[in-house]
Amino acid sequence: MVLLEIIENGKEIKGNLTYTLAKKDKNSGNFTGELKKGLLIANYTFQSEGKESIRQVAFKVDGDKLTEGYGELNNDGTAFKDLSNIHFTSKMPLTKIDCNSLKKACFFEN
């Protein structure tokens with residue numbers, strides 16, 4: 001399961017992101033980024049196996065769905081080498097669900 005919760009939706013997009021995938025370590029944290037031309041590009045600060053890490057994430061907005069993007073990363077694996085060369089081919093699109101809170105702009109889960 002992937003759960004993305006957008007808390008602030010202004011010029012800067014902020015929220016929480018959790019990955020709970022089969023046979024992988026769970027990681028959970030927050031992100032800060034911008035939405036430009038239908039793409040959310042953000043820095044994701046997360047905890048996994050007791051260690052804090054940061055990496056860049058990308059999601060393409062398509063109506064009520066978000067599709068995570070993948071691409072070649074820099075040498076330390078924390079950011080995309082070329083934002084124009086991200087491929088949005090994830091087979092797990094995130095679908096909008098009810099947030100149950102007025103403070104949250106929206107909530108997505110697969």
Self-check item: NZ on K26 to OG1 on T18, rounded to 0.5 Å
Solution: 6.0 Å

Quiz item: Which distance, rounded to the nearest 0.5 Å, do you find between the CD1 of I13 and the CG of L4?
Solution: 10.0 Å

Self-check item: Side chain to side chain, S53 and R55, heavy atoms closer than 4.5 Å
Solution: no

Self-check item: Taking every non-hydrogen atom, the tightest pair across F31 and L40
Solution: CE1-CD2, 4.2 Å

Practice problem: Indicate yes or no for a side-chain donor-acceptor contact from Q56 to the backbone of F80 under 3.5 Å, with no hydrogens or angles considered. | Solution: yes

Quiz prompt | Smallest separation among heavy atoms of F59 and Y19, with atom names | solution = CZ-OH, 3.9 Å

Practice problem: Apply side chain to side chain contact (heavy atoms under 4.5 Å, CB included) to K96 and K65, showing your working. | Solution: CA-CA 6 Å; K96 188 174 184 178; K65 293 188 186 265; over 6 Å; no

Self-check item: Validation row: L17, L3 side chains within 4.5 angstrom (heavy atoms)
Solution: no

Quiz item: Atom CD of Q47 and atom CD of E52: how far apart are they, to the nearest 0.5 Å?
Solution: 5.0 Å

Self-check item: same_hphob_cluster(I6, L35) at 4.5 Å side-chain heavy-atom cutoff
Solution: yes

Practice problem: Answer with yes or no whether the hydrophobic clustering places L66 together with V2; edges join I, L, V, M, F, W, Y residues whose side-chain heavy atoms lie under 4.5 Å apart. | Solution: yes

Quiz prompt | Spacing of CG belonging to D76 relative to OG1 belonging to T78, to within rounding of 0.5 Å | solution = 3.5 Å

Quiz item: Could you give the distance from OG1 (T32) to CD1 (I41), rounded to the nearest 0.5 Å?
Solution: 14.0 Å

Exercise. State the CG-CG distance between D62 and L94, to the nearest 0.5 angstrom.
Key: 12.0 Å

Self-check item: Test item: side-chain donor near acceptor, N27 and Y44, under 3.5 Å
Solution: yes

Quiz prompt | Shortest non-hydrogen contact between T45 and I54, atoms and distance | solution = OG1-CG1, 3.6 Å

Quiz item: With no hydrogens and no angle check, is any side-chain donor or acceptor of D82 less than 3.5 Å from a backbone partner on I86?
Solution: no

Self-check item: side chain to side chain contact (heavy atoms under 4.5 Å, CB included) between V61 and L39, worked out
Solution: CA-CA 6 Å; V61 179; L39 297 179; over 6 Å; no

Quiz item: Can you name the closest pair of heavy atoms from K11 and E34 and give their distance?
Solution: O-CG, 3.9 Å

